[in-house]
Amino acid sequence: EVMQTAPTQEFTASVRGGTGRLRSYFSGGYYNQTGILLNSGYQRFSMRANLESSLSDRLTVGFNLAPSYSLREVAEEGGNARGGGFGATQHVWPTDPPYDEDGNLQPLVWGWVSGKTEPNPIVVLNEQQNDRRTLRALASTYINYEIFDGVQLRSSGNVDWADTDVETFSPSTIWDASGPSIPEGGFQTSTYLSLLNENTITIDRELNEANRLQLLGGFTVQQESNTGADFDGERFPDDDIRTLNAAETITGDTSESEWSMASFLGRVNYTLLDRYALTATIRADGSSRFGEDNRWGTFPSAALAWTFSQE
């Protein structure tokens, strides 16, 4: 009885349009999946907007935005000593009914030892709170300029941002062997931000009927930061007020991290007679994660290919 039918629903709507030089796309969606365990599930609301404009025959700019909001209800699955709602089903007596004679859920059921000493798994799954809410936004913009035939400049910027909150609460209705437990809860929050800028130049030349050369050079820079906080509250006075300010004791900590990386890259593709190909690449990365005396690393590679079917 700790598992349930888990239907999935998904709804989407979109509209696409444009003129000769402007193209647009907008969409919205809703996704809902019930979990196979009691009191579990996942919902997501999402939107997307794509805009692209050809300002001239050689200049194109674009912008994309994709925000979303999700809510995940996490079931108390267990772990330590097979505890939790689902894990407890592995070491409670299958012959001991979870309901009493009046049809009410029993707070305790028979476990490995004599007597009713284990929390009722159904009660644990129904009463335990573990809600995760995430607000996320992905955004990108780019500009593409064809200097002349076969030579293109492209610059793009990307942003990935997410803010996540997690609220947990274990009420007094989840008993232990000695009776009703003392309520406890927790709150976690984290923020993630990633910034990426890429700049490339591409040259594509057909030298003659037999030879073709493609060159690419570029520079990229990326930065990522993470902040977080994790707090636990103990000895709540009751099950009604579940915010941390009601706890008698609050403990926790905060964290913050950041890293960045810059890269130079180059690639050469040479094709002969549409059957023989040579590719050579080189990339130089400088990262704050590398040692202070060895910030940069160079990574070359090369490959040969032969299209036998063209012989």
Distance in Å, I122 CD1 paired with L105 CG, rounded so as to fall on 0.5 Å steps: 5.5 Å
pair L55-Y145: side-chain heavy atoms closer than 4.5 Å: no
Heavy-atom closest contact (T254 atom, F231 atom, distance): CG2-CZ, 4.2 Å
D165 and T189 side chains, donor-acceptor separation under 3.5 Å: yes
Side chain to side chain, F219 and E198, heavy atoms closer than 4.5 Å: no
Within 6.0 angstrom of R21 CZ, more than 12 heavy atoms from elsewhere: yes
Hphob cluster co-occupancy, F187 + V166, side-chain heavy atoms under 4.5 angstrom: no
Separation of Y69 OH from S46 OG (nearest 0.5 Å): 14.0 Å
Of Q223, E224, Q222, the residue whose pairing with L195 passes side chain to side chain contact (heavy atoms under 4.5 Å, CB included): Q223
Atom CG of D57: over 12 foreign heavy atoms under 6.0 Å: no
Side-chain heavy atoms of W306 within contact of L304, under 4.5 Å: no
Heavy-atom pair with the smallest gap, counting every atom of F236 and I241: CD2-O, 3.5 Å
Within 6.0 Å of CD in E209, more than 12 heavy atoms from elsewhere: no
Donor + acceptor pair across side chains of N144, E146 (<3.5 Å): no
ILVMFWY cluster, M47 and F11 together (side-chain gap under 4.5 Å): no
Donor-acceptor contact below 3.5 Å, side chain E127 vs main chain T173: no
Heavy-atom donor-acceptor pair, N39 side chain to L125 backbone, under 3.5 Å: yes
More than 12 heavy atoms of other groups within 6.0 Å of L59 CG: yes
Axial cation check for Y142 ring with R154, 6.0 Å and 45° limits: yes
Over 12 non-hydrogen atoms of neighbours within 6.0 angstrom of CZ in R133: yes
Any donor-acceptor N or O pair under 3.5 Å, side chains Y270, N211: yes
Salt-bridge criterion met for D274 and R212 (N-O under 4.0 Å): no
Q129 and D131: CA distance, side-chain angles, deciding distance, side-chain hydrogen bond (donor to acceptor under 3.5 Å, both in side chains) verdict: CA-CA 6 Å; Q129 176 189 352; D131 297 334; 3.3 Å; yes
Row check, Y31 ring normal vs R44 NZ/CZ: under 6.0 Å, within 45°: yes
Polar side-chain atom of N120 near backbone of Q106 as donor-acceptor pair, under 3.5 Å: yes
Smallest separation among heavy atoms of N158 and S140, with atom names: OD1-CB, 3.1 Å
Short side-chain to backbone donor-acceptor contact, Q214 and T202, under 3.5 Å: no
4.5 Å side-chain heavy-atom contact, S68 and F45: no
Within-4.5 Å side-chain heavy-atom neighbours: R242 and P171: yes
Candidate pair R205 and D149, rule salt bridge (charged side-chain N to carboxylate O under 4.0 Å, His left out), full reasoning: CA-CA 9 Å; R205 289 293 188 188; D149 292 345; over 6 Å; no
W259 to S288 - nearest heavy-atom pair and separation: CA-OG, 3.3 Å
Donor-acceptor under 3.5 Å (T141 side chain, F63 main chain): no
E52 and T60, any side-chain heavy atoms less than 4.5 Å apart: yes
Verdict with supporting geometry, T168 and N130, side-chain hydrogen bond (donor to acceptor under 3.5 Å, both in side chains): CA-CA 4 Å; T168 60; N130 190 339; over 6 Å; no
Carboxylate-amine/guanidinium contact D160 R136, below 4.0 Å: yes
Donor-acceptor under 3.5 Å (S181 side chain, I174 main chain): yes
Residues S172 and D239: side-chain donor-acceptor under 3.5 angstrom: yes
Derivation and outcome, side-chain hydrogen bond (donor to acceptor under 3.5 Å, both in side chains), residues Y30 and Q43: CA-CA 7 Å; Y30 172 71; Q43 296 183 75; 2.8 Å; yes
Minimum heavy-atom distance N197-S156, with the two atoms named: ND2-O, 2.9 Å
Basic-acidic side-chain contact under 4.0 Å: R295, D285: no
Cationic N near anionic O, under 4.0 Å, E167 to R132: no
Pairwise side-chain contact, T164 with Y192, heavy-atom cut-off 4.5 Å (strictly under): no
W175 reachable from I182 in the ILVMFWY side-chain graph, under 4.5 Å edges: no
Shortest non-hydrogen contact between F299 and G297, atoms and distance: CE1-O, 3.4 Å
Check: D100 side chain, D102 main-chain N or O, donor-acceptor pair, under 3.5 Å: yes
Any donor-acceptor N/O pair, S54 side chain to S56 backbone, under 3.5 Å: no
Residue pair N199, S155: steps toward the side-chain hydrogen bond (donor to acceptor under 3.5 Å, both in side chains) verdict: CA-CA 4 Å; N199 306 276; S155 180; 2.7 Å; yes
Minimum side-chain heavy-atom gap S14-F26 below 4.5 Å: no
